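Everything numeric in this text was worked out from a predicted model, so none of it was measured. In what follows, chains are A, B, ... by sequence order, proteins preceding strands, each numbered from 1.
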Amino acid sequence: MPASGQYVRFAAGISHMERNYNPQEIEATWQRVWAEQQTFRVTEDSSRPKFYCLEMFPYPSGRIHMGHVRNYAIGDVLARFKTMRGYNVLHPMGWDAFGLPAENAAIEQGVHPAQWTTQNIRYMRTQLERLGLSYDWSREVTTSEPEYYKWNQWLFLKFFEKGLAYKKRSAVNWCPSCETVLANEQVEEGRCWRCETVVVQKELEQWFFRITAYAEELLSGCDQLSAWPARVLTMQRNWIGRSIGVEVDFPLAEPLPDLPAIRIFTTRQDTIFGATFMSLAPESPLVERLVEGRPEARAVREFVARVSRQEKALRTAADREKEGVFTGACAVNPFTLEPIPIWVANFVLYEYGTGAIMAVPAHDQRDFEFASTYGILVRLVIQNPEGTLREPLAASYEEQAGTLVNSGQFSGLPVAEGKERIADFIEASGIGARTVNFRLRDWGISRQRYWGTPIPIIYCQKCGMVPVPEADLPVMLPMDVPFTGKGASPLAQAEAFVKTTCPKCKGPARRETDTMDTFVDSSWYFLRYCSPHETTRPVDPAKVDRWMAVDQYIGGIEHAVLHLLYARFFTRAVRDLGLVKVDEPFTRLLTQGMVCMETYRCEEHGWLLPAEVNKDGWRCSQCGKPVERGRVEKMSKSKKNIVDPEHLIAKYGADTARLFSLFAAPPEKDLEWSDEGVEGAYRFLGRVWRLVHELAPLIGRQQVSESAPAASVAASQSARGSAKTSPLKTPQAPPSSVTIALRRLTHKTIKKVTDDIEQEFQFNTAIAALMEFVNGLYKVDAKKMRANAELSAIREAIEALVLLLTPFAPHIAEELWAATGHATTLARQPWPRYEAALLQEEVLTIPVQVNGKVRSKVTIPADWDRDQIIEASRADAKVGEWIKGKTIKNVVYVEKRLVNIVVEG
RNA sequence: GCCGGGGUGGCGGAAUUGGCAGACGCCCGGGACUUAAAAUCCCGUGCCCCGAAAGGGGCGUGCGGGUUCGAUCCCCGCCCCCGGCACCA
């Protein structure tokens with residue numbers, strides 16, 4: 001601990017009353033103090049409850065943007081608040097440092113990705129420091145450093161041992177521009193999520209993580225996540241896509257020796273009597289088996305070749321025309337025993353279910369379209385509840401309501417029961433079984449890029465695929481590699497890296513040159529923060545037990561599926577390795593909204609930066625032409641509707657930047673940027689500054705007891721709390737009404753701000769309450785205050801104000817804390833507590849309604865009872881006007897809130 | 001199409017989930033201070049109507065119904081906006 005009095009020295013020169021609010025100066029001062037005193041360093045302290053507050057770590061792209069400011073301001077409010085509330089708070093920060101842009105920079109500018117990344121991190125860290133965020137930087141994690149990615153490799157090897165990591169040949173999404181494989185999740189509407197290039201199909205040997213092994217658990221786990229936003233849970237559930245149905249064998253009309261039947265998956269076994277044909281996915285190997293030697297073979301092969309060349313997104317677009325070709329083979333519907341034709345259809349997915357379906361055109365839109373195109377029989381087997389369906393159908397009937405018809409012994413059953421009876425029958429007759437299918441696919445982690453974690457596998461001609469022994473980790477990324485941007489990955493071209501010896505037989509061998517998807521890095525970094533310097537394991541289980549799960553995770557909605565699902569998977573996989581005890585990594589999740597701003601466009605110069613617009617006449621500052629004011633959109637470089645946080649901080653300071661980000665909208669909603677709003681936030685801080693400096697000399701005469709500085713407001717609510725334990729001196733004379741009103745305002749504000757932060761992250765209303773508090777304090781005529789009780793009340797108010805402001809605007813709070821005579825940093829001051837007794841109003845103003853409309857208000861002593869209040873209401877002159885000559889039918893009284901007199905006539 | 005979230009003054013947003021709609025901020029208007037401006041401080045500000053004024057009345061939370069003494073909030077039926085998923089059998 002620093003010697004007491006040290007802080008006073010820092011602030012001494014700035015505490016004179018005349019001094020104007022100079023954010024740049026005081027922010028630099030306090031950031032230096034925090035760094036020197038290691039104020040935010042945290043160690044495990046079992047005497048206090050823990051709180052793990054985490055914001056999604058950034059990709060070190062070069063500079064922070066307003067989205068970061070918002071994200072980290074939200075997290076910082078919470079971390080500082082919880083610290084002041086007495087929690088042992090873990091609040092770390094790090095860098096998601098592997099990824100494509102570094103490699104692109106290498107190609108375009110000739111900078112090595114490592115150097116580019118390091119520079120960016122260094123710069124962005126100073127930017128974050130200038131925001132005054134309360135991170136424990138001693139726990140900083142950088143995923144591109146061997147100390148981190150070694151453990152990616154270690155985990156990979158453990159997964160490999162357990163069969164959770166495996167390799168298979170598969171058609172992958174290939175981005176021709178990035179020259180890399182993309183996960184399904186990284187393809188958006190057929191385009192690369194990063195560069196928007198149209199994605200094509202390519203066959204490659206790929207590494208996968210068997211996330212599907214946890215599909216069931218990942219889905220059921222969603223039910224436990226009650227503190228996650230509903231829409232994120234919905235998205236996760238959709239993505240996992242569990243469906244219950246049956247698998248059934250449809251025997252071939254002419255069975256092949258080793259292929260007696262085709263297995264299909266359906267959720268609508270109740271419609272099986274309506275299955276009038278079958279469809280196979282074009283990629284299915286069964287297709288070739290069936291057509292071999294048939295006259296249809298040629299046409300089928302042509303069709304398959306044509307379809308499989310088409311890239312997937314195009315082919316699977318929902319509005320895509322249904323196309324197919326008859327194989328010449330037939331199967332037998334196991335229920336009707338009729339022969340049905342087997343087709344190949346472009347809309348059947350090979351990767352889902354069994355890659356083959358029974359087609360029920362009467363009750364499936366796709367099958368109906370297909371059957372209509374090719375003239376296939378449509379048979380109604382579900383009659384709707386009204387009984388109005390007649391053949392020929394004009395459209396498929398897909399509702400799961402009604403009764404089975406044309407379904408043999410099952411006819412007449414309601415749909416739900418038919419499903420069960422038919423499933424029973426299928427199981428009893430041994431032709432199939434109930435099954436659960438997931439939409440979720442295994443996670444392809446192979447990337448043909450340099451700037452990622454090398455996959456620790458060696459290929460030996462004799463021994464085959466050999467994992468790198470644990471002792472040889474990390475497999476280091478070689479520094480000396482070519483960056484051409486052409487052809488194979490740079491790693492594959494680095495002979496010194498590729499050529500190695502087999503760990504088993506010591507013979508010549510080659511290294512795997514694929515690197516891991518960077519989502520691997522971010523799938524467990526939150527565990528690493530708990531013991532960031534652990535050298536023998538990825539995590540120290542004792543430390544992880546102390547801190548996990550993350551109590552509050554904060555980040556963008558764009559990670560609702562990918563990152564969050566992978567992190568949930570990893571947490572379980574690592575749990576099953578015995579390193580972690582929790583199932584779910586993130587107890588509470590807050591997805592903050594986007595930061596948006598109006599866009600400006602000039603017909604000559606295209607998108608304009610806000611600074612390039614002359615706002616007087618809405619003209620382009622370059623050519624003077626009228627500027628088209630576009631809609632409010634997410635801030636983006638391409639649309640140029642951006643505000644650089646650095647400029648903002650230079651002009652107004654970090655406290656203003658933080659305050660505005662928190663005040664302009666509730667965290668989960670989109671925030672519309674407004675220069676005027678920023679001015680408003682700055683003005684407010686100036687108001688606080690002047691207020692405190694005006695009042696500081698007044699209360700300066702009073703003794704500041706450093707052991708209990710905030711205790712005047714902090715201690716009074718402890719378990720044994722009563723008026724007696726309040727350090728505020730009981731005044732000799734009865735307290736003046738001004739004193740009582742002031743203290744009431746103070747304690748009401750403490751309650752409001754505390755509740756708003758704690759309950760629903762209502763930072764905007766918490767700040768509004770602080771503004772009201774300040775407005776109220778400006779109305780107090782402090783100069784007239786002399787009595788000890790009055791001055792105590794002022795001191796209490798000012799201290800509460802500064803303490804309550806701390807999480808939002810920590811620098812100015814520290815400075816004002818010092819200016820009011822305190823010598824210890826605010827960061828660990830106890831959060832103020834309100835005294836419930838002081839909240840009580842002496843008089844109440846109650847609205848009085850007549851027939852539901854407010855006609856008057858009565859002001860009454862707070863302790864009046866129902867009858868007294870009603871009596872006063874009826875006696876009110878204005879109310880009298882409205883009830884004169886009418887019969888009172890009813891009087892509704894809401895406890896201390898409202899009177900409603902119901903009259904008739 | 002399915003799922004989720006929304007729709008409140010000129011604007012961003014409040015409202016203890018059935019009890020004074022519009023807190024707080026922005027914008028705008030007025031005043032004080034100033035030689036003047038900026039800054040600052042104070043006051044006003046949903047819309048419409050009556051009134052010279054003090055006051056008073058009506059309307060108002062996307063639209064139409066309903067429940068209730070009373071609805072931004074609950075129910076039914078629509079309209080619109082945003083986000084996600086989308087041939088998953």
Polar atoms only, N or O, under 3.5 Å: list the protein pairs with nucleotides 27-34 of chain B and their distances.
{"residue": "rC27(B)", "atom": "OP2", "partner": "Arg683(A)", "partner atom": "NH2", "Å": "3.4"}

Under 3.5 Å, which protein N or O atoms sit close to an N or O of nucleotides 64-69 of chain B? Give each pair with its distance.
{"residue": "rC69(B)", "atom": "O2'", "partner": "Asn900(A)", "partner atom": "ND2", "Å": "3.4"}
{"residue": "rC69(B)", "atom": "O2", "partner": "Asn900(A)", "partner atom": "ND2", "Å": "2.4"}

Between the protein and nucleotides 55-59 of chain B, which nitrogen or oxygen pairs come in under 3.5 angstrom?
{"residue": "rG58(B)", "atom": "OP1", "partner": "Arg855(A)", "partner atom": "NH2", "Å": "3.2"}
{"residue": "rG58(B)", "atom": "OP2", "partner": "Arg855(A)", "partner atom": "NH1", "Å": "3.0"}
{"residue": "rC59(B)", "atom": "OP2", "partner": "Lys853(A)", "partner atom": "NZ", "Å": "3.0"}

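Within 4.0 Å of Gly680(A), counting heavy atoms only, lie sugar-phosphate atoms of the nucleic acid but no base atom. Residue contacts for Asn775(A): at a heavy-atom cut-off of 4.0 Å it reaches the sugar-phosphate backbone alone, with no base atom in range. Residue Ser279(A) is classed as having no contact, given no heavy-atom separation below 4.0 Å to the nucleic acid. Using a 4.0 Å heavy-atom cutoff across all strands shown, Arg687(A) reaches sugar-phosphate atoms only and no base atom. Heavy atoms of Ser674(A) sit nowhere under 4.0 angstrom from any nucleic acid atom. Looking at heavy-atom distances under 4.0 Å, Lys779(A) makes contact with sugar-phosphate atoms alone, never a base. Contacts of Asp367(A) with the nucleic acid, taken as non-hydrogen atoms under 4.0 Å apart, are absent.
Contacts classified as salt bridge (Lys or Arg N to Asp or Glu O under 4.0 Å) and involving residues 265-275 of chain A (residues at least two apart or in different chains) are given here: Arg268(A)-Asp270(A). Among residues at least two apart or in separate chains, salt bridge (Lys or Arg N to Asp or Glu O under 4.0 Å) pairs with a member in residues 746-759 of chain A are Lys82(A)-Glu758(A), Arg85(A)-Glu758(A), Lys748(A)-Glu841(A), Lys751(A)-Asp755(A), Lys752(A)-Asp756(A).
Residues passing the side-chain contact (heavy atoms from CB on, under 4.5 Å) test with Arg379(A) are Thr276(A), Thr336(A), Glu338(A), Leu377(A), Val381(A), Glu391(A), Asn406(A), sequence neighbours excluded. For Gln400(A), the side chain to side chain donor-acceptor pair (under 3.5 Å) criterion is met by Lys419(A), not counting sequence neighbours. Here Lys634(A) pairs with nothing under the salt bridge (charged side-chain N to carboxylate O under 4.0 Å, His left out) rule; sequence neighbours left out. Under the side chain to side chain donor-acceptor pair (under 3.5 Å) criterion, Thr373(A) pairs with no residue at all, not counting sequence neighbours. When the ring-ring contact (aromatic ring centres under 6.0 Å, His included) test is applied to Phe265(A), no partner is found at least two apart in sequence or on another chain. A search for side chain to side chain donor-acceptor pair (under 3.5 Å) contacts involving Ser226(A) returns nothing, not counting sequence neighbours. In this structure, Asp670(A) has no side chain to side chain donor-acceptor pair (under 3.5 Å) partners at least two apart in sequence or on a different chain.
Out of rA23(B), rC41(B), rC87(B), the shortest distance to the side chain of Tyr778(A) is found at rC41(B). Listed nucleotides: rC87(B), rG25(B), rC20(B). Nearest to the side chain of Lys857(A): rC20(B).
Comment: Lys639(A) does not engage Glu598(A) in a salt bridge, judged by the lack of any side-chain N to carboxylate O separation of less than 4.0 angstrom.
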